[in-house]
Structure formats: C-alpha cells, structure tokens
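Some notes on the structure that comes next.
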Amino acid sequence: MAPVVRRARRARAEEQVRRYDCWVMTDAASPNPFAAFGARLDALHGAGAVPAPGVDGPSGPDEDEARLLEGLNGPQREAVVHTGGPVLVVAGAGSGKTRVLTRRIAHLISRCGVHPGSVLAITFTNKAAAEMRARVTALVGRRARAMWVSTFHSACVRILRAELGEAPEFGLRRNFSIYDDADARRLMALVLRDEDVDAKKFPPRSVLARVSNAKNELTGPAEALADAASGNDELHARAYAEYDRRLRAANAVDFDDLIMLTVRLLRTHPDVREKYRRRFRQVLVDEYQDTNHAQYMLIRELCSPLDPVPGAPAVPPPELMVVGDSDQSIYSFRGADVRNILDFEKDFPGARTILLEQNYRSTQTILSAANAVIGNNPDRPAKKLWSSVSGGERIIGYVSDTEHDEARWVADEIDRLHDEEGCKYSDTAVFYRTNAQSRPFEEVFIRLGLPYRVVGGVRFYERREVRDALSYLRAIANPVDDVSVRRILNVPKRGIGARAEAALEVFAADEGIAFTEAVDRVDEVPGMATRSTRQVRAFGELMRGLRGLVEQGAPADQVLAAVLKDSGLLDELKASKDPQDQTRVENLVELVAVAQEFVAQAHVVDLEADQVAVDDEELDARALEGDDSLGVFLERIALVADSDQIPDADPDSPGVVTLMTLHTAKGLEFDNVFLTGMEDGVFPHMRALASKDELAEERRLSYVGITRARRRLYVSRAAVRSAWGAPQYNPASRFLEEIPAELIDWQRTAVELDGWTLSAGARTGASRRAAGASGPRDDAPAFGSGRGHMPASGAGRDSRIVSLEAGDRVLHPSFGLGTVVATSGSGDNAKADVDFGSGGVKRLALRFAPLEKL
DNA sequence: CCTTCGTCTATTTTT
DNA sequence: TAGACGAAGG
C-alpha cells in the first residue's frame, strides 16, 4: 500500500473511530427491536413507507387494477389475481415473491372486496411482517392496518391470549410467560436434577431438543411415553411430562407450545375454530419451506372447510396461498419439513402451482454459480433461475493465510468498493457459517475504522444483566413464574443462598404452592436461618411494591426503571470495579430506552386507533393488550428475532457493513456479498460432513448465501484457522469446487508445499512447488500486494505422534484432513483407523505414517 | 454465604 | 478462547 494511501487511511480511520467507535460498540450490543415496528408507524403516517426499488410507488386507496399489475411478469400476475383455490408459488431466490404477496393482498382488498381484517399473512420474521404491512399500506392506505401480518409465533400468542378463557383445561391464564431457550434449559436442568438424571449423560440441551421435536410433531407427553421403545425414550418422555407440568404450574409456555397449543385449541374447540375460519378469509404464508409439522397443521386447521350451519348460506373455506422455495430450506434442524412444500398439491387438492423463475436481483454470473452448486443436491425438483441481467462481473476468490488475513482482505476490499466504486457500506454484507467467526472481522474493522454492525451472535437479550432485568419484569407480570422468580431471588446479592432457596422450594412443593407464595410465607418455612428469613422477607416486600406499581397502571418503562433502582441491581453494577460491569450498566440504560420507545409507540398507536375507524375485532384485540403495557412489552421482546434488528437502509448515510450468519441472511439482499470461511469443516460444517441430508442442507445454505448478492460476489477461505486454540488446516470447501471455474477470478490461491496446503504468501523459499490439488487452482497471479503476511505457524512437520485417541483430528500429507475413529496396538505397533472423508478410512501405523495431530 | 481459583468442555444454524 | 461448574477457603 502506498504511503500516501496509508496515511489517508489512517486519518480516515481515526475520524471514523471517533465518529463510530462508540456508536458501533453500543449499537452492536443493543439492537433496537422496535425498528421494525417503527417502519409500520411510518407507513401509518404516510411517511417513509418502504417501497422496493422501483416498485410499489405511493398510491391511494382507489388504486386501479392496471396499476397493481404493472411491472409484473406473467406468472407473477397470475399469482396476484388467482382466486378460487389453494395456490403454491414456487419462488426462486430474488424472483419477486414479496412483491407478489403485497400486490396480491392489495389486489384482494381493493379489487375483490376482501375486508383487510380478514387477511392473515404469516412471515418468517417481524421485520418481514413490518415491511409487508408497510408496502400494502402504501398501496391501499391505512385500512390495511386491520390485517393480521405476523410471524407464526406472534399470531399464536394473539390467538391464545384472546381465547384461553374458552379453554380452562389448558391450565394457562392470559398473562402467561413465554420462555425462551435459556429459560427452558434452566427449567429442564431443574427437572433433570430432581429426577436424578445424570446431567453428563443427558444434557438438558439435548433432552430439550427431543421435547422440542415432539412438540413440533404435536406429540404430547402421554403419547411420547406410550410410544417409548426403550428405557432411553421413557426417560425422555418422563422428563417431557415433568417439564410440561412445571411450565403449566409457572403459567408459562415455550416457543413450541405456542404453535402446538394453538393447534390443540382449534382442534378441541370447534367454536373457536369456526370463528377464525370465518374471520380469516385469505391466508398467505411466506417461507413455506421452513414450516414444521405443527405449523403445517395450524395452517390446515385455519384453512379447512367450515362446518355447515343449518339454514345459513354455506361459507366457502378460506383461501390459501403459500410461497416458498425448497432450495432455500435451511431450518430442518429446527423441525422444518420440506415435505410440506413438496406435498402441497397432495395436501390441498385442486391446488394450482405457479413457478417464478425469473430473477430480478442478481447477475447471470451469480445465478450460474448458484444453479451449479444447488444442482449437486439430489432429489430436487428441477428449476433454473435465470436473470435478465446477462453477464456481470466474475466472482472474486481469495485464499488467505489465516482468518485474520482473510478479514483484512475483506476489509480492504470493502474500503476499495467504497472509495473507488462509490458503494455505500450498507450495500455490503459479510456472511459466515457460525457466529464465532465474526470476531476477526470485528477486530480488523474496528482497527480500520470501518463502520459495521453484527447481527445476532451474543444477543442483547441474552446478556446476563438484561435477562436479570427481564426476569424481574416477568416475575412481576406473572408471579407464579418460578423460573424467573428464582433467577432473581439473589440478584443482586442479598444473602439468600442455595440453602434458603432449597428450603423455600421444599416448602412450596409440600404445600403445593408457587415459589412466590413460599416467599411470602417465609415465616412458616422450616429450616430457615433467621438471617435468611429477613432477607427473603425484604425480597417479598420488594416484589409486592413493584407489583403495586403495575396495578396502579404504570407503563413498562416506569416499571423497569423502578426495578433497576429498587432492587439495587443498578447500584451493585455501578459500584463494581469490574470494567465489564460498566458495559452492563450501559446495556441496562439501553434497555430502559427500548422500553421508553415501546411505550411511546404504543401511545401513538392508541392515538391512531382513536382517529381511524377500526373494525370491531381489531378493537377487541386491542382491548386485550391495551391495559397491559408490561405484558405486551415482554411479549414483543420474547418474540424478536435477530433479523428483526437489521436497520433499514437510510439513503443519505454511508451506512454500515452488515456481518451475519448465513441463516440470518435469508430473505435479504446486498450489492456486494462476501462468503467467508469457505472451508470444508467450517462450511460445510464439520458436523454435517457425515450425513447426506445435512450436507444437502449446507448446500442449500450456500445457495441462499450466493443468491443474496446483486452485483458482486466474493468467496474466501483461510489456509490456517485457529479454532479453540489449535490451528486447523481446512481444505477448500467443496462448494467452491462446485462453482464452475471460469466464473471465479482467483486473486490469490493456495500452493501445495510438501503435501501441506498453504496459501501462496506462506511460501518460504526452498521447498516451493507448483499449485497442487487441494486448493482451487487457476490462472491467478501467485501473490500480490506484499502486505507482509506471516503464516500463523511454520509448515514443518516436526512432531512424531505419541498417542492418538478416537476423535482426534489429524493431518496427512496426501490424504489430507482426517478424524481418528479407532486405535489399536501399542508402542511400535500402534495403529489408528482414520477417516479421511472422501478419501475413505485408512489404517495407519503410527510409527511410519507422517501424521500430524491437530 | 460468598468469592476465587482451577478444571473442564463445548462451539451450528434460531422462531 | 471463554464460559460454566465445582471445590475449597475467607
């Protein structure tokens, strides 16, 4: 890099650090979950609605048909106007499905006389929901507000809160808590401990995963027990039953319950079911390929024919449109079942299928790469995306020495795009497979003063102090929520230890009362030290005071402020000398700001409600929420997703670079996309290598990643990557090799050095060799810019293996990366069976084999 | 009862 | 690397 440029960069970096550093840090740590809801409010005010580029311009309620169909291709048009039966829209990446969905809703409302309140649109994230609402509002005006546009989970919460009165047998009241994963894990850990289950053998996490699967299949605990085919199954079923029992006792549900219980409600209460079938005449589901069985059944319940009413005219069943792409199914680990979309025509007889194959997003080069990669998946309905934008720049590839160099290269290239090509930072995104990979990027970006934002990762709402504060709120809103109460019992430290907690627990169990009640009756609890008794009593006082505040109608932000102050949580952190605690204070302050914004927006919505004629049912729903500021706030927080936190691009600012996992990237698009960590073992992930199905899912993930790019796609990998201490030498991702070579312009490639794959910059004079087999090889210049990279460690193979055991990862000069599956013999006869993946399993004598233990 | 220190182990993706 | 957990000392 020329000195002048470097100096200029330094100056700019300093400036940007000044301008952004603080901002970047706090913002990365504290996303505002209500950004999405802000968009909705903007739309209501007729300002800042979010039209897609060149589409959906502002318009009035008297929109005429021609206008709604303008700019649509044949199949899109058909999807918009089709009525009279179920429709499946198979929408390839970038084929304009959001446009189809929004235009269809607008068309239904303004041309078909469909009442907005009878539209139910389900999206994958709150952000997508907010955007859809805004775009429909831009087309048909504010009457669109009566629509239900939400995620599966929010829609179910809404139905449950409204209808639980009809179903006392569920044992839930309307103010139920929603447990997230961490809460659920905590509860399951308690269950397993009390059942004397060995936590080593059955980690709460994995037991919970099975419970989750069962719920996604709509299997209850009794049924799970009946189906149990082994002692193992039985153990899980019993844990499931007890876990559920305690959830109900705490007046709480987990994520999976939201769906399962709603389905059960609709199945067992015909009156409720009929009510919603009558109400929702038009049902639209986005990302249908990611639905699980429970969600599928929910849709079925909602869209099946109505019971005939004697003497009344027959009401036709609700109309259903689902939109999806089986090639973008990337959530099967969470129970998503591609068969839902593949079997749609079978499940909904008379269904029409419409294919959207024209891509409006990417260049043909990018699409060719995507098609080539996804073409390697077996059992895939043939479809080929094509672009009207022919050609396009070649994909740029880069092999770095280490993950730090990779990050450095990415940062330099982003800078170049910004300086030379006039790209805004917000036009660029960096994707990786796992959250842990964000770190090197953050380090380099901070150093260079590149403004960035990490989406996901250690999330704001998962931070300890934030969870503590929220637990207070939940314990206030739902006093029988034992998990929350116990979490905060001794936070901040108030001298209530494990002994006291156990005594309270035993008392609660004996008396059959909630933990909170045991706290209130602490004087009766046997085995309490007087000292502890006093502390527990003070805690009870505190909680009663805070609940009193809510009863007086205090809004969420005030309750939160009182919690932080009265509990001493804030004081404890402020007094701490641990520098981390200062960040915690900032996070709590940020949480208060979030609550304030929530309250302010709720207020605006209320004002709107006064001005706009809203239909009765909308008012019903509002009445349910209106008096419960705290409850609604908690619910919103529980249901925010990572991708909800992505800021809308502001056309005037240079914006920030977005860093996120490939999963989070679904549904988004950027001019410039960096696909990083393209290494076998990283992406595709190690754990997926063994299974065909999982590998296919990884490939779909790569397809999703590639198709996020509008104009430029970059792929990169590191020859050496350190993961938990030790360096890993990962071979090139197989997905790289599935991209036709002529589409990639390698700016830097790897060479093979005595069997070691290293990137070009690591060559050390003597033993260099031409580019070998294990990396992408091409006509690229061997090495350029002379930035003085040093390989992380020498390529020497110095250590003779002393011992190996199953599970160790090893490197062999010709077979490559492998995993030890078994060992045999000892001393000079020691042998190891090593699985080299595509190279097969080899039995190697340790005395001779040039193995390197990693 | 709380703190501290050491050891251990886990690292996929998330509504 | 870090975060979580357990043992032991204050």
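This one's a predicted model, so the numbers in the text were calculated from it and none came from an experiment. Order of the sequence lines sets the chain letters (A, B, ...), proteins ahead of strands, with each chain counted from 1.
- For a distance-only test at 3.5 Å, the side chain of A:R433 qualifies as a donor-acceptor partner of the base of B:dT13.
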Check nucleotides 1-4 of chain C against the protein and report each pair of N or O atoms closer than 3.5 Å, with its distance, or say if there are none.
none

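- In summary, A:R700 and A:D327 do not engage in a salt bridge, as defined by a charged side-chain N under 4.0 Å from a carboxylate O.
- Cation-pi check for A:R161 over A:F176 is met; the charged atom lies under 6.0 angstrom from the ring centroid and within 45 degrees of its normal.
- For DNA chain B, the residues of residues 498-507 of chain A within the heavy-atom distance limit of 4.0 Å (strictly under) are A:R499, A:A500, sorted by number.
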Pair up each side-chain donor or acceptor in residues 527-536 of chain A with any protein partner under 3.5 Å, not counting sequence neighbours, and list the distances.
unit_1 : atom_1 : unit_2 : atom_2 : d
A:T533 : OG1    : A:A529 : O      : 2.8

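- When all heavy atoms are compared, the tightest approach of A:M260 to A:T219 is SD-O, 4.4 Å.
- Evaluation of the salt bridge (charged side-chain N to carboxylate O under 4.0 Å, His left out) rule for A:D290 yields A:K666 as partners, not counting sequence neighbours.
- Comparing A:A688 and A:K493 by the nucleotide of DNA chain B that holds the closest heavy atom to each, the one mapping nearer the 5' end is A:K493.
- Under 4.0 angstrom from either OP1 or OP2 of B:dT13 there lies no side-chain N or O belonging to A:T664.
- Checking A:S326 against A:S329 by side-chain atom types alone, no donor-acceptor pair falls below 3.5 Å.
- Checked against salt bridge (charged side-chain N to carboxylate O under 4.0 Å, His left out), A:D325 has the following partners two or more places apart in sequence or in another chain: A:K383.
- Checked against salt bridge (charged side-chain N to carboxylate O under 4.0 Å, His left out), A:E217 has no partners two or more places apart in sequence or in another chain.
- When each of A:I496 and A:E694 is assigned the nucleotide of DNA chain B bearing its nearest heavy atom, the one mapping closer to the 5' terminus is A:I496.
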